Amino acid sequence: MFKRLRYHIAVFFSVIGPGFITAVVDNDAGGIFTYSQAGAKYGYLPLWTLLPITLLLIVTQEMCSRMGAVTGKGLSDLIREEFGLRTTFFVMLALLGANLTNVMANFAGVASSLELFGISRYITVPIGALIVWLLVVKGSYASVERIFLFATALYVCYIVSGVLVKPDWKEAAIYSVRPVLLFEPDYIKLLIGMVGTSVAPWMQFYLQAAIVEKGVSAKEYAESRIEVIVGCVVMTVIAFFIIVACAGAIWSVHPRDIKDSTDAALALKPFGNYAYLLFCAGLFNASLFAACILPLSTAYTVCEGLGFESGVNKRWNEAPVFYWLFTLLIAIGGGVILIPGFPLVRMILLSQVINGVLLPFVLIYMTLIVNRKYLMHGWTNSRLYNAVAWSAVAIMIGLTVALAGISLRDISG
Amino acid sequence: MQDNLFFTELVGLKVYDLKGRKLGRVRDAAIVPLVDPYRVDRFLLAGGWAWLTVRHDQVRTINLDGIWLRDEQLTPYHSDDYMLRLERDLLDQQIIDVHGRKVVRVTDVTFVKTLVDGHDVLRVQEVDIGLRSMFRRLMQGVAPRRIVRRLMMPIPVNSISWEYCNIVESDPQRRLRLNISSEKLEAMHPADLADIVEELGPSDRQAIIGSLDSEVAAEALSEVDPDIQASILESLSEMKAAEIIEEMDPDEAADVLAEMEEARSGAILEEMSDEPAHDVEELLEHDEDTAGGMMTTDYVAAPHGAAIAEALELIRNNVEALEATNTVFLVGSDDQLTGAVPIARLFSQDPATPLASLQAETLIWVLSSETKERTAEIYDKYNLVALPVVDGSKRLLGVITSDDVIAELRSV
């Protein structure tokens with residue numbers, strides 16, 4: 001009995017990585033801004049959305065990791081096999097566009113978080129880009145994953161800074177479970193934003209590819225599922241502390257809109273230098289981390305779907321398309337941050353529009369594939385799970401499309 | 001110039017009967033590998049309410065404008081396990097490029113058109129995987145075929161000759177019906193085969209390893225990541241797994257079995273013949289992280305008093321054990337290690353010379369309980385090729401060879 005438990009724990013640690021990393025990277029520069037904004041403007045009120053967000057995240061992520069473990073193939077591979085080249089091509093094209101703008105947003109996060117320390121972006125962005133590039137080009141999958149896991153540990157910054165602000169824990173606890181709906185356009189827009197950004201197309205591709213690369217088998221899947229769930233919960237816990245920190249520091253003093261995440265960090269200053277520094281460090285870590293994962297994941301996915309050689313364990317001349325894509329995503333994503341007057345905000349809104357258009361396809365293809373018996377054998381969704389999955393997919397699609405609509409209006413407006 | 005046609009062009013072609021009436025459009029084409037692995041045997045067309053089958057000998061001409069038949073006796077399509085349908089079974093699927101030694105994804109198929117008995121026959125020439133074929137796929141049905149042909153000219157070609165393609169099919173029955181043989185795979189280097197196996201999904205891995213000759217399977221499997229090794233072997237029948245494991249080096253066999261759940265590895269050991277099973281069981285006694293866990297029991301040992309001739313005889317009977325080492329060990333009456341003789345020295349003297357006089361000046365060994373790290377250190381320090389492993393009373397248990405040490409160093 002004890003021996004079996006020990007076996008399961010050992011397996012758990014051998015599968016740790018993909019689910020954790022994917023969920024935590026979801027709190028990238030864009031996510032942190034959304035949560036900071038939520039806390040700054042509405043305090044503890046929006047906390048209740050975190051619970052449904054976690055559930056939606058778990059349902060969508062679980063299906064991908066299961067597909068990866070059972071078929072041993074990436075999501076783009078499966079879309080190609082099941083829906084053909086043309087479909088795959090357009091999905092990949094959209095993914096490339098969405099992720100490129102996402103990389104930009106995260107390099108912007110790197111730049112602004114370090115500018116608070118007085119370091120110019122003309123130094124930090126090129127160095128950050130170079131570090132990210134070297135890490136992946138010179139590293140192996142195992143070493144890269146180890147560094148990523150270490151980076152996920154640094155998210156603890158947010159938890160500490162949240163505690164240092166000394167928010168009202170009782171309020172936070174109550175509003176975590178009490179849904180509050182204000183019929184105020186800004187509030188609804190914010191809720192849509194919170195849920196809409198929580199599941200992004202790249203995550204589905206990254207998670208499944210990482211599960212495959214890790215070699216998780218159907219037999220180890222029980223442990224892998226726990227890992228995915230724990231990852232999603234950790235992501236929510238971090239989001240909770242970001243909201244709470246901003247609620248305690250900004251909303252309780254004077255509710256207002258914030259310009260960007262650094263604006264939120266500055267507001268933490270009166271609560272001690274540590275709270276402020278940790279918030280900045282957290283933002284820097286999250287941005288750099290996402291700026292690393294996104295290009296990597298994109299290069300992987302696109303190459304896999306279109307049939308080019310890919311993988312960090314391959315050399316440059318073995319997988320040229322993979323490495324060039326990765327390099328260009330970083331070069332362009334980091335480069336535009338250095339162009340004065342570059343319309344970054346518009347690009348980020350555009351990214352949300354593309355995400356909103358792409359996500360429905362990805363989620364629908366995914367749920368269709370996970371139900372194909374000849375691929376999944378005994379691992380298809382049960383009828384009940386399918387009901388949950390399809391409703392989750394429908395909710396996600398509805399909110400993401402709504403967010404895309406809002407973003408589209410903001411771009412033109 | 002050869003008269004080529006691409007599958008992307010074939011799909012959607014209009015099919016006309018003897019009087020020039022349109023019957024429908026081509027939806028798919030099929031090869032029947034048991035009859036002819038190259039010829040397009042059937043064209044499947046959708047016309048009206050059902051799919052129809054056109055046999056290759058019912059066709060008169062095929063060109064970019066359409067297909068004209070010479071016989072109108074078409075039969076309705078019914079699914080047939082002997083058909084390899086190009087659209088359904090080949091396009092966008094993974095196949096093994098035996099020549100390039102990698103797994104590739106099919107984008108398009110190139111046919112060559114030949115005239116047989118006065119009518120056109122399509123034969124599969126190549127499988128296309130490059131950008132040009134991708135362009136064709138994207139433009140399929142968007143622009144006229146002739147314009148697509150002209151536009152794609154500047155894009156480089158990337159194709160694999162059909163004879164080098166090995167289809168991946170996980171259902172064993174269907175493998176037989178499609179006449180998929182493992183010969184081409186078995187001719188590859190085991191290390192390349194291992195890379196290919198690692199790249200495929202679990203069910204395809206199992207199918208490939210399961211269909212290979214046990215000896216080749218064992219060699220390839222030895223090169224595969226240990227986790228994957230175990231999961232592949234667990235999925236095969238116990239008998240097949242036992243056959244493969246028997247062919248593996250005892251130390252590698254022990255490593256794989258140690259990765260599996262006990263019930264499963266026990267059942268496999270049961271299936272194995274006595275001698276290899278016994279060797280492996282002995283190895284399984286040792287902790288994985290010690291010298292005992294690294295060693296193999298495949299070695300050559302001669303009695304301490306033996307002469308060269310006797311040693312040569314022993315070697316002849318156990319050539320495999322010497323593939324990775326260069327040493328004959330000398331043992332006393334109770335299997336106690338007394339010396340080591342580099343094989344090269346056996347050839348420099350008269351066959352009657354006693355082995356003991358040729359032994360290496362210093363005898364290095366490790367205890368089976370020694371840690372892996374320390375073992376690797378000793379191996380490196382004395383520049384050894386074969387390091388003997390002994391128990392507490394210095395009885396020879398096994399030998400550590402360079403592949404064991406390299407595997408250990410690489411895993412750190």
Side-chain angles (χ1 to χ4, degrees), chain A residues 3-4 7-8 10-11 14-15 67-74 76-90 92-93 140-143 208 211-221 302-311 313-314 318-319 321 374-379, chain B residues 8 11 87-95 97 100 102-108 127-131 133-142 158 168 170-171 174 195 197-206 224-232 234-235 259-262 264 410-412:
Chain A
K3 207 172 162 190
R4 277 206 74 80
Y7 170 79
H8 284 295
V11 174
S14 76
V15 298
M67 270 194 285
V70 175
T71 64
K73 287 177 181 166
S76 49
D77 268 328
L78 289 176
I79 292 181
R80 170 88 185 263
E81 283 177 14
E82 299 298 309
F83 301 102
L85 177 70
R86 201 176 283 168
T87 305
T88 315
F89 181 79
F90 288 112
M92 293 301 120
L93 204 65
S140 67
Y141 177 76
S143 64
Q208 194 168 336
I211 294 262
V212 172
E213 186 83 349
K214 184 110 193 166
V216 176
S217 64
K219 206 183 76 185
E220 297 160 319
Y221 182 65
V302 171
C303 287
E304 221 177 54
L306 299 182
F308 300 110
E309 295 277 323
S310 62
N313 290 335
K314 295 222 163 61
E318 288 172 318
V321 181
Y374 57 92
L375 286 172
M376 298 295 289
H377 308 289
W379 294 86
Chain B
T8 42
V11 171
E87 165 99 42
R88 186 191 65 185
D89 303 330
L90 192 60
L91 231 53
D92 291 320
Q93 306 301 315
Q94 288 180 315
I95 59 164
D97 168 9
K102 56 181 189 284
V103 179
V104 295
R105 210 172 266 291
V106 179
T107 317
D108 199 358
V127 150
D128 307 318
I129 57 172
L131 282 175
S133 52
M134 222 172 269
F135 175 76
R136 275 201 304 270
R137 281 290 289 288
L138 292 175
M139 299 302 284
Q140 184 185 4
V142 176
N158 191 355
V168 180
S170 55
D171 177 6
R174 192 147 148 83
D195 282 347
V197 165
E198 284 187 351
E199 212 164 309
L200 295 168
S203 53
D204 293 333
R205 278 176 191 155
Q206 292 149 20
V224 170
D225 190 67
D227 282 356
I228 301 179
Q229 276 180 23
S231 73
I232 292 176
E234 278 183 350
S235 67
E259 289 274 330
M260 297 183 192
E261 276 183 56
E262 243 162 77
R264 187 77 184 161
R410 282 210 52 182
S411 70
V412 177

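A note on names: the letters A, B, ... follow the listed sequences, proteins ahead of strands, and every chain is numbered from 1. Since the model is a prediction, treat every value here as computed from it, not as a measurement.
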Pick one of side chain, backbone, both or neither for [X], based on which atoms fall under 4.5 Å of a heavy atom in chain B.
X	answer
A:Ala218	neither
A:Glu304	backbone
A:Val212	neither
A:Glu82	neither

Residue pair [X] / [Y]: nearest heavy atoms and the distance that separates them:
X	Y	result
B:Asp92	A:Leu85	OD2-N, 3.4 Å
B:Pro202	A:Ala69	CG-O, 4.3 Å
B:Gln93	A:Glu81	NE2-O, 3.4 Å
B:Val142	A:Arg86	CG2-NH2, 4.2 Å

*Side chain, backbone, both or neither: which part of B:Gln140 has a non-hydrogen atom closer than 4.5 Å to chain A?*
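Contact with chain A involves both backbone and side-chain atoms of B:Gln140.
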Straight-line distance of [X] [atom1] to [Y] [atom2], nearest 0.5 Å:
X	Y	atom1	atom2	answer
A:Leu306	B:Arg137	CG	CZ	11.0 Å
A:Asp77	B:Gln94	CG	CD	5.5 Å
B:Leu131	A:Phe308	CG	CZ	4.5 Å

*Look at B:Thr107, B:Ile129, B:Asp225 and state which one has the largest set of heavy-atom pairs under 4.5 Å with chain A.*
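It is B:Thr107.
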*Do the charged groups of A:Lys219 and B:Glu234 touch, with an N to O distance under 4.0 Å?*
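The answer is yes: the pair qualifies as a salt bridge.
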